[in-house]
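A short write-up of the structure that comes next.
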Amino acid sequence: MSKPLFHDVSGAAAAGKVDLWEPIIVTREEIDSEVERLAAQPRPANGRRESVIVHPRSTAGGFLPGVRVTLSVLKPGERTTPLRQNATQVNFCIRGTGRAEIGDTGIAYGRFDVWNTPSFRPYAHVNDGKDLQVRLTYSNAPLLEMLNVHFVEDDPPAAASATTHDAGPDDPRRRNPYGIVTLDNGSKLMPYEILINPETVESRALHWPWAQVKAHLDKLEALGKDYIGRRLYMMYNPMTGRTNGCTPSFFATITIRPPKIVDRPHRHSSAAINYYFRGRGRSTVEGTVYEWKAGDLMLSAPGWGVHNHASHDEPVYELTVQDQPLHIYMESLLWQEDLKHPAALLGSQPGFSTNRRAVG
């Protein structure tokens, strides 16, 4: 049996210095080359032609410490073997068309569509189109692997589909002669019957088609250059509640940047990955300028790094994935919207406002 070790830190200075991972850009040309390489290979037994895009500093196969980005390719007529895992995903189609089969839900998707894959739901992908199907998938698997609890099951039996349970307040399994006990000071005690059978929240596979999203997004261009916020919509999954997510770990937003728009520098403890699918621009991160173009994937904001983005002479569209919902739930989402003013702990303290009312 291993023996525990004691590390005496009496009187030591408080730790917590942030070691920022450097921004990286995976260019459109690099992505296209990898797509062609994957497509040229014989079909794997499970049908999954995939490459994990790894940051040079990662030791756990992550694009960020807790985020994995996977590039997936399917040729016309191909499908993958079903897979089930306790990680959640945000999916983004960057080429072609296809269908996702997630439990009992089927999602037909096209280029620039976004959808989520809930945890522990068998899923497979089908290319029923005539072109290569190319997807980017954002997963919280590295975080689960660091915790040593990432469960993956290849080709699970049909019975593995999600089942429903009656976990409402009248569920007999939740009954206890005493129930939840309230102490004199307002603190509470919860019995074991509820501990092992918490209230369930339905986790659905949701789909955000690009054609519909774009119609609403383009209206934000009218806000003009005086608007101090960011012109975006988040693809909201109601099951995440106050944590504002597409999945419990990630939000996914699509932004429009009209020509020559420069954001204010800001920072947050959540980290951001941007995929630019139209236009050109630049990001300034911790004083260093990075130029990007349509088709590039970028770690654009390491957690707590000061950054801002700017478009050049044409409109920019981009997908941004951040681990903000996880931070809100952990009570760790520090956000500094204006570097001249203090940071706030979003979700626990009042947040920030824009000048939307003044500019329309």
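Scope of the values below: all heavy atoms of this structure, side chains included, with no hydrogens, waters or symmetry mates. Everything numeric here is computed off the predicted structure, so don't read it as measured data.
Considering Val35, Val73, Asp32 in turn, Val35 is the only one that fulfils the side-chain contact (heavy atoms from CB on, under 4.5 Å) rule with Arg95.
Less than 6.0 angstrom separates the ring centroid of His307 from the ring centroid of His268. Residues Phe277 and Trp210 bring their aromatic ring centres within 6.0 Å.
In this model, a donor atom of one side chain and an acceptor atom of the other lie less than 3.5 Å apart for Thr117 and Asn91. The closest side-chain donor-acceptor pair between His312 and Glu291 falls under 3.5 angstrom. Residues Gln89 and Ser139 bring no donor and acceptor atom of their side chains to less than 3.5 Å of each other.
Partners of Ala343 under the side chain to side chain contact (heavy atoms under 4.5 Å, CB included) rule, at least two apart in sequence or in another chain, are Trp304, Gln336. In this structure, Trp208 has no ring-ring contact (aromatic ring centres under 6.0 Å, His included) partners at least two apart in sequence or on a different chain. Qualifying side chain to side chain contact (heavy atoms under 4.5 Å, CB included) partners for Ala108, counting only residues two or more places apart in sequence or in other chains: none.
Chaining together hydrophobic side chains whose heavy atoms lie under 4.5 Å apart places Phe251 alongside Met234, Tyr236.
Side chains of Leu206 and Met235 form no contact here, defined as non-hydrogen atoms less than 4.5 Å apart. At least one side-chain heavy atom of Val90 sits under 4.5 Å from a side-chain heavy atom of Cys246.
Between Phe112 and Phe92, the two ring planes are parallel [angle under 30°; tilted spans 30° to 60°].
Listed by first and then second residue, the ring-ring contact (aromatic ring centres under 6.0 Å, His included) pairs involving residues 20-73 are Trp21-His55 (not counting sequence neighbours).
In this structure, NZ on Lys219 lies 13.5 Å from CD on Glu221, to the nearest 0.5 angstrom.
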Only distances under 3.5 Å count here; give the side-chain donor-acceptor pairs of residues 6-14 to other protein atoms, sequence neighbours excluded, each with its distance to 0.1 Å.
unit_1 : atom_1 : unit_2 : atom_2 : d
Asp8   : OD1    : Ser10  : N      : 2.8
Asp8   : OD1    : Ser10  : OG     : 2.7

